[in-house]
Amino acid sequence: MKITIKDDFDLKKIAESGQCFRFNECETEAGTFSVAALDKHVFVKELGNCEYEFSCDKKEFDGFWKSYFDLELSYADIRGRISKKKDIYLYNASEYGKGIRILRQDPWEMLISFIISQRKNIPAIKASIEKLCAMAGDLIVEDERVGKIYSFPTPEKLAALSLDKLSSCSLGYRDKYVKKAAEDVASGLVDLSSWDKLSDEELMEELLKLFGVGVKVANCEILFGYHRLDAFPKDVWINRVLETKYPKGFDFEGYAPYNGVMQQYLFFYSRNDGLGKDK
DNA sequence: ACCCAGGGCTGTT
DNA sequence: AACAGCCATGGG
């Protein structure tokens, strides 16, 4: 079905923004993107003039993808909160990253993805996740543009894998973290959906109890898995930005409750040569 | 060969 | 509480 999207919406930037790992431009078809989320998949084709072709019917678009892409929220308005005079670096980052949105991704998929992410670069994270999906997920799409795409494994399927099987997905020392998280979610000891009700502080507290989850991964889960847009994950790139561009501190109070969106602009910009630019 | 990556755990002060 | 080692693996 065809959709017109007037607000910020740049599929290539979202795909490269580091918040999602199963969202890719088709190599054989520029302008068409393959998006996998849990057990769902869609192709989105840029038609130009703010128009997009989704490879699903209206029912699935309204029931899932509209929310997934967070289309009810205006990211142009959020960008509008940035003062060019007060913070030219963030302003430049937001102009560079214009079109990025924070996807409403699944807490389970995000938890495992960001546990895997530690001390890996983004291509390596993607490769590990695809191996996991191929090993324990179900085939959901087969298409000449993308080959075979498998669903993200359920907690039960992942918990059933041996450490050796997990390890063969290039998880390295993270294999035991993934296994423990999968076992705890599968057993019900950890109920991610019930954590929706928690305050940001309580949510952080619960996440930090998980083996292999520290402050950074927890913040990624809070931002990308629970869509709480004020969470501000600090990885090596963001720390570099804070040290070199904000020696006197970043204005977290001023950008609440959207610090997480600002973080995405800074992350995307810094990884694409923004660190070399003058403040 | 080398350094780095969307860090966190563990043992030592 | 702070702090250093250490951890597996692949990308550039």
Side-chain angles (χ1 to χ4, degrees), chain A residues 13-24 27 93 96-97 100-103 105-135 152 161-184 190 203-246 250 259-276:
Chain A
K13 290 179 190 174
I14 295 170
E16 294 173 354
S17 68
Q19 63 175 298
C20 48
F21 304 104
R22 309 195 68 206
F23 188 138
N24 299 292
E27 290 181 12
Y96 188 85
I100 293 175
R101 312 178 69 79
I102 309 293
L103 303 171
Q105 301 188 80
D106 178 76
W108 159 246
E109 181 169 350
M110 289 300 96
L111 177 63
I112 298 302
S113 296
F114 280 98
I115 285 175
I116 291 171
S117 79
Q118 59 185 264
R119 277 281 163 182
K120 275 180 177 290
N121 55 34
I122 291 175
I125 299 166
K126 288 184 168 186
S128 277
I129 291 174
E130 286 313 313
K131 287 182 192 174
L132 262 189
C133 294
M135 180 176 290
F152 193 85
L161 293 179
S162 66
L163 263 182
D164 283 347
K165 284 264 194 179
L166 284 172
S167 196
S168 68
C169 299
S170 306
L171 298 188
Y173 62 90
R174 311 162 192 80
D175 54 2
K176 51 191 181 294
Y177 304 157
V178 170
K179 184 159 182 64
K180 182 71 164 68
E183 287 170 350
D184 288 350
V190 166
L203 180 55
M204 171 63 77
E205 195 179 328
E206 291 301 321
L207 287 167
L208 291 181
K209 291 178 186 171
L210 301 178
F211 188 43
V213 176
V215 172
K216 190 273 171 180
V217 169
N219 268 311
C220 285
E221 172 75 344
I222 293 170
L223 177 58
F224 304 126
Y226 287 89
H227 203 74
R228 301 201 187 181
L229 300 184
D230 209 33
F232 192 96
K234 294 176 183 172
D235 73 318
V236 294
W237 294 95
I238 288 294
N239 283 331
R240 228 170 264 160
V241 169
L242 293 178
E243 284 166 18
T244 62
K245 306 298 179 182
Y246 297 94
F250 183 76
N259 280 298
V261 181
M262 306 309 165
Q263 192 271 5
Q264 275 302 102
Y265 293 137
L266 294 172
F267 178 76
F268 186 72
Y269 190 47
S270 67
R271 292 188 67 248
N272 291 275
D273 205 31
L275 276 169

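First the proteins, then the strands, lettered A, B, ... as listed; each starts at 1. The analysis underlying the following values was restricted to heavy atoms, covering all of them including side chains, and did not include hydrogens, waters or symmetry mates.
Atom NZ of A:K13 has more than 12 heavy atoms from other residues, nucleotides or ligands within 6.0 Å.
Ring planes of A:W108 and A:F152: perpendicular class, angle over 60° (limits at 30 and 60°).
The nearest whole Å value for the distance from the NZ atom in A:K120 to the C1' atom in B:dC4 is 13 Å. Whole-Å rounding puts the A:I125 CD1 to B:dG8 P distance at 12 Å. Atom CG in A:L171 sits roughly 10 Å away from atom C1' in C:dT9 (whole-Å rounding). One can place CD1 of A:I115 at 11 Å from C1' of B:dG8, the figure rounded to the nearest angstrom. Put simply, CG on A:N272 is 14 Å from P on C:dG12, counting in whole angstrom units.
When heavy atoms are screened at a 4.0 angstrom cut-off, A:F224 is found touching base atoms of the nucleic acid. Using a 4.0 Å heavy-atom criterion, one finds that A:G18 contacts the bases of the nucleic acid, with or without backbone contacts as well. Counting non-hydrogen atoms under 4.0 angstrom, A:Y177 reaches the backbone sugars and phosphates but no base. Within the 4.0 angstrom heavy-atom criterion, no nucleotide atom of any strand lies near A:E221. Within 4.0 Å (heavy atoms only), A:I122 reaches sugar-phosphate atoms of the nucleic acid but no base atom. Using a 4.0 Å heavy-atom distance criterion, A:S113 is classed as making no nucleic acid contact.
The phosphate of B:dA5 has neither OP1 nor OP2 within less than 4.0 Å of any side-chain N or O from A:R174. Listed pair A:S170 / C:dG10 meets the phosphate criterion, a side-chain N or O lying under 4.0 Å from OP1 or OP2.
Nucleotides B:dG11 and C:dA8 place their P atoms 14 Å apart, quoted to the nearest Å. Taking the P atom of each, B:dG7 and C:dG12 are spaced 16 Å apart, rounded to whole Å. For the P atom pair drawn from C:dG11 and B:dG8, the interatomic distance equals 22 Å after rounding to whole Å.
Taking the side chain of A:F211 as heavy atoms from C-beta on, and the options C:dG10, B:dT10, B:dA5, the nearest nucleotide is B:dT10. Here the side chain of A:R119 is nearest to one of B:dG7, C:dG10, C:dG12, namely B:dG7. Ranking B:dG7, B:dC4, B:dC9 by closeness to the A:R240 side chain, first place goes to B:dC4.
Place A:C220 and A:L208 on DNA chain B by their nearest nucleotides, and A:C220 ends up nearer the 5' end. Annotation: of the two residues near DNA chain C, A:G172 and A:A124, the 5′-most nearest-nucleotide partner is A:G172.
Side-chain atoms of A:Q118 do not come within 3.5 Å of backbone N or O of A:V217 as any donor-acceptor pair.
In this structure, A:F267 has its ring center no closer than 6.0 Å to that of A:F232.
Remark: the A:Y173 side chain and the B:dG7 base include a donor-acceptor N/O pair separated by less than 3.5 Å.
For the pair A:K120 and A:I125, the tightest heavy-atom approach, listed with the atom from each and the gap, is CB-CG1, 3.6 Å.
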Check step by step if side-chain contact (heavy atoms from CB on, under 4.5 Å) holds for A:Y226 and A:M110.
CA-CA 9 Å; A:Y226 287 89; A:M110 289 300 96; over 6 Å; no
